[in-house]
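Take a look at the structure below.
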Amino acid sequence: MAAMKPRTGDGPMEVTQEGRSLIMRVPIDGGGRLVLEINNEEAESLKQCLIKAVGE
């Protein structure tokens, strides 16, 4: 039987360092949060995309 993981529930956007990975939790419409595990290279790429989208 597959292990059951607890739901993350609602909450603010946050990023935490866990080992070599960054764990990003983003609130989504309809409740709950999207949880992503990204590395530093992916985080830098995301940062550049967001800067282009919203400006500095």
Side-chain angles (χ1 to χ4, degrees):
M1 177 178 267
M4 296 293 290
K5 294 184 179 181
R7 294 179 57 102
T8 60
D10 294 330
M13 183 181 304
E14 64 182 0
V15 178
T16 57
Q17 180 85 34
E18 293 186 16
R20 294 183 177 180
S21 298
L22 297 168
I23 307 299
M24 182 168 66
R25 294 172 179 88
V26 182
I28 55 175
D29 289 339
R33 293 192 286 179
L34 173 67
V35 180
L36 302 171
E37 180 178 26
I38 58 177
N39 60 34
N40 289 338
E41 183 179 311
E42 293 165 331
E44 186 62 37
S45 179
L46 175 60
K47 175 183 167 184
Q48 295 306 316
C49 290
L50 290 170
I51 288 172
K52 287 179 189 176
V54 298
E56 287 191 60

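Atoms considered below: every heavy atom in the structure, side chains included; atoms not considered: hydrogens, waters and symmetry mates. Index from 1, following the sequence. Here the structure is a predicted model, which is why all the values come from computation and not from measurement.
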What's the spacing between N39 CG and S21 OG if we round to 0.5 Å? 7.0 Å
Determine which pairs satisfy salt bridge (charged side-chain N to carboxylate O under 4.0 Å, His left out) with at least one residue from residues 14-23, sequence neighbours left out, and list them in order. E14-R25, E14-R33, E18-R25
Starting at CD1 of I38, measure out to CD of E44 and round the result to the nearest 0.5 Å. 10.5 Å
Applying side-chain hydrogen bond (donor to acceptor under 3.5 Å, both in side chains) to S45 and not counting sequence neighbours gives none
Quick check on E41: does its CD atom have over 12 non-hydrogen neighbours (other residues, nucleotides or ligands) under 6.0 Å away? no
Only counting residues at least two apart or in another chain, list the ones meeting side-chain hydrogen bond (donor to acceptor under 3.5 Å, both in side chains) with E42. none
Got a second to check how far L36's CG is from I23's CD1, nearest 0.5 Å? 9.0 Å
For residues G11 and P27, report the shortest heavy-atom separation together with the two atoms involved. O-CG, 3.2 Å
